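Here the structure is laid out as structure tokens; the discussion comes afterwards.
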Amino acid sequence: MTPTRAVREAPEALVYQAAEFEGTTKRTSGALFLFLIATVLWLQPCPAAGVEFFVGIDHPNASDTNNGLSSDHPFRTLARGTQGLWPGDTLTIMAGAYREVVQLPRSGTATAPITVRAYPGDEGRVAIRGSDIVTGWINEGNNTWSVDRPALPLMAYPDDWPDYGALSKRREMVFIDGNPLTQVLSAGELSEGRFWVDVSAGRYYVSSSGNLDDRLVEVATRDRGICAYWIDHVVWVGVKVEHVANGTDPAMFVRSFHEIRNCQVNNNNMEGIKAGDGAIILNSHVNRNGGVGINLPGSGCLLDGNETSHNSWRYGPGWHAGGIKVIYDRPADNRISRHTSNYNNGPGIWLDTCGPGNVVEASFMEGNKAVGLFIEATQGPTWAINNVVVGTELTDTPYPQCEGSGITTREAYDVFLYNNTVANVEGPGICISGDERNGGLDYTANTHVYNNIVVDSGSAAVRFWVWGTAREEPRISSHHFDNNLYYGQVTTIIFPHLVYPWPDQFWSLSEWQAAWFKDLQSLSLPPNFVNPGTNNFSLSPDSPAVDAGDDLADVSDDFAGCRRPKGATSDIGAFEYCVDAGNPPGEFTDGFEFGDTSMWSSAVP
């Protein structure tokens, strides 16, 4: 027998009543007291099947006075729907815009997580919005409209963060028919699709043709979307979080062992998602957020099949910015796979001050600022396998040596760069940089560069930008290169002279081979991609990269899931020449599984 919800919530009251009865009635017998305690214990929650509640803000029968147990009579608000959730329960949300902050009263458990999901068929149409609809706009002429509304408080960044100007401190956002407008700092900058906030007058000005009262105008108001940073073991499915005017907290803030599936966290003022230990994020889109798309301080996490693009428009590119940033208290054993991270105002994927065991594989990074994949202050082993990095852009920085690079390591050791393809970046294809930091815990040494293709990079295929102990033995000789293909650069290797004043040396592949006996099996030939103009970097059958790689135990398949090797040996680059991919495995078999993978191993080919 499963107690009803009313009975499940009764024990705390009964305990109080039992204690009160004992304290105020001197004649209470021991037998009666034991009977009351036994009753309380019998009524405690049991691990039976959970209860499903329904919320539907636009449902004609929706009311917070309903019991919420039927989709025909749902609750109206998420605040009411989440109020009574216990481990094992499910909150099913119907399509609509929910203009409220979502908080949960308690955690789920490992065996009975709480589930918050979109109603089947409503995935992507359940929107948790930090904005309100604003009407009453006054026509000021010249396609300019205004309304009384106070400015939001400025954001306060840590003292050691760079100052990116006045706009980086603002939090106001305006959307017309779902499309974000661009904020400017003066009336003179207004033009179609822009808005300005007169802070002293407490008034918003919008430049837009047509009558704003005939359109949906939403203005960001709330500074939180999903706020569950003290809650563990929750599954989120098919919901959107958007228009949040967040500052220091992310729009979706969760703690440990949350699973986020098929969700969208888009168009928020700063960070999109922040997740702790054991997080699983699958097939979700985290785009157009003002700060970093996903901030991952946790360990033992899986991110598979997600996208983080066009992030850090509010703050970046040189600090806490980009598509994904893995940072804080040495996060370890995380896996980022089949990820897309494009056109961020910062690195596509950034590992910073990390512990060992992190993996980035089969991911695509295009058009990011500063660095495509950045591995910084990280203790190895760290793997970057089968990634494609394209078109990284230079930024205005006082340290240009690694800017615009495809892959950069800095004060990182035991890094394994295997079977990546880097093309058309504005800086070096691969940059190995730094010395040591954090009291010598992080240092530049022992980078393994095998089976990579680097073509048409701006400064060199590989650049060393090292100093101090990193330029001395044994660390300068600890880096390993072979079976790579470099093509289309004026210089293949930029390497430091080891005698003061340490001028850079610019070497061809053959000069590099002769000087350091590295890359002895590597090639300097056109890679013969199928169609690089459309980002198809798979290999033609006549590519010199076919069967020219080394068979690496850590690389058992390619970017697309094709098993390696298909020929005599593995191919160079992210793609194996693969006419028949065979049957992709149900789980990874390349030795990177960690912890309990039972919840996600079948999710990744």
Side-chain angles (χ1 to χ4, degrees), residues 97-103 127-134 149-158 161-185 193-199 202 204-206 216-229 239-254 263-275 284-295 307-325 343-346 369:
Y98 295 84
R99 301 181 190 278
E100 52 183 308
V101 177
V102 176
Q103 301 184 80
I128 299 162
R129 284 194 183 146
S131 61
D132 290 327
I133 297 173
V134 175
R149 196 168 186 88
L152 297 177
L154 293 176
M155 289 186 290
Y157 294 106
W161 285 31
D163 186 348
Y164 284 117
L167 275 176
S168 70
K169 301 177 180 66
R170 306 302 316 175
R171 291 167 51 194
E172 297 87 8
M173 294 185 293
V174 177
F175 303 85
I176 296 181
D177 298 330
N179 299 309
L181 304 189
T182 299
Q183 187 172 14
V184 296
L185 294 174
R194 295 183 171 188
F195 78 97
W196 168 59
V197 179
D198 186 338
V199 176
Y204 280 56
Y205 290 83
V206 168
L216 176 64
V217 183
E218 298 166 286
V219 176
T221 303
R222 285 166 291 282
D223 63 357
R224 292 175 295 169
I226 291 175
C227 187
Y229 62 86
V239 301
K240 296 198 298 185
V241 183
E242 55 192 13
H243 303 183
V244 178
N246 52 320
T248 56
D249 289 341
M252 184 176 189
F253 197 172
V254 300
C263 292
Q264 300 176 43
V265 183
N266 300 331
N267 291 312
N268 299 291
N269 186 64
M270 281 297 288
E271 286 182 6
I273 296 175
K274 186 174 184 178
S284 295
H285 297 268
V286 189
N287 300 327
R288 298 181 301 279
N289 298 287
V292 67
I294 297 176
N295 179 359
E307 181 186 9
T308 53
S309 295
H310 300 281
N311 293 294
S312 295
W313 52 264
R314 178 73 80 183
Y315 189 89
W319 206 250
H320 192 66
I324 295 178
K325 191 165 189 185
Y343 301 102
N344 295 285
N345 185 29
K369 293 289 183 66

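Residues: numbered from 1 along the sequence shown. None of these values were measured; they are calculated from a predicted model.
- One distance of note links CH2 of Trp319 with CG of Asp163; it measures 13.0 Å at 0.5 Å rounding.
- No donor-acceptor pair under 3.5 Å is formed between the side chain of Arg224 and the backbone N or O of Asn246.
- Here the rule is side chain to side chain contact (heavy atoms under 4.5 Å, CB included) with Val286, and of Val292, Ile324, Val265 only Val265 fits it.
- Using a cutoff of 4.0 Å between basic side-chain nitrogens and carboxylate oxygens, Arg149 and Glu172 are not scored as salt-bridged.
- Of the options Val174, Val134, Asp198, Val217, a side chain to side chain contact (heavy atoms under 4.5 Å, CB included) to Tyr204 is made by Val174 and by none of the others.
- Considering all non-hydrogen atoms of both residues, Gly316 and Ala321 come closest at CA-CB, 3.8 Å.
- Within the 4.5 Å cutoff, the side chain of Ile133 has heavy atoms near those of the Arg99 side chain.
- The aromatic rings of His310 and Tyr343 lie parallel to each other, with less than 30° between the two planes, well short of the 60° mark.
- Here the CD-CZ distance, from Gln183 to Arg170, works out to 6.0 Å after rounding to the nearest 0.5 Å.
- Contact of the Cys263 side chain with the Val239 side chain is registered, since non-hydrogen atoms from C-beta on lie closer than 4.5 Å.
- Screening Asn266, Asn268, Asn345, Asn289 against Asn311 for a side chain to side chain donor-acceptor pair (under 3.5 Å) leaves a single residue, Asn289.
- Note that the CG atom of Asn295 and the NE2 atom of His320 stand 4.0 Å from one another [nearest 0.5 Å].
- The SG atom of Cys227 lies 12.0 Å from the CD1 atom of Ile128; values are rounded to the nearest 0.5 Å.
- Two residues are said to be in side-chain contact when any heavy atoms from C-beta on lie closer than 4.5 Å; Val206 and Ile176 meet this criterion.
- For the atom pair CD1 (Ile294) and CD (Glu271), the distance works out to 10.5 Å, reported to the nearest 0.5 Å.
- Put simply, OG1 on Thr248 and OH on Tyr157 are 10.0 Å apart, with the number rounded to the nearest 0.5 Å.
- Using modelled atom types, no side-chain atom of Arg222 and backbone atom of Val244 make a donor-acceptor pair closer than 3.5 Å.
- Contact detail for Glu242 and Ala127: the closest heavy-atom pair is OE2-CB, 3.5 Å.
- Residues Leu185 and Ala166 share a closest heavy-atom pair of CD1-CB, 3.7 Å.
- Put simply, the side chain of Arg171 gets close to the backbone of Ala245: a donor and an acceptor are under 3.5 Å apart.
- In this structure, Tyr164 and Tyr315 have perpendicular ring planes: the angle between them is above 60°, well past the 30° mark.
- Pairing each heavy atom of Gly178 with each of Glu218, the nearest pair is N-OE1, 4.4 Å.
- Tested against Phe175 for a side chain to side chain contact (heavy atoms under 4.5 Å, CB included), the candidates Asn267, Val219, Leu181, Leu216 yield a single pass: Asn267.
- His243 and Met173 get closest at one heavy-atom pair: C-CE, 3.8 Å.
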Exercise for review: For the pair Gln264 and His285, evaluate side-chain hydrogen bond (donor to acceptor under 3.5 Å, both in side chains) and give the outcome as yes or no after the intermediate values.
Suggested key: CA-CA 5 Å; Gln264 300 176 43; His285 297 268; over 6 Å; no
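- A salt bridge does not link Lys274 to Asp249: none of the charged side-chain nitrogens sits closer than 4.0 Å to a carboxylate oxygen.
- When every heavy atom of Asn287 is checked against every heavy atom of Ser309, the shortest pair comes out as OD1-N, 2.7 Å.
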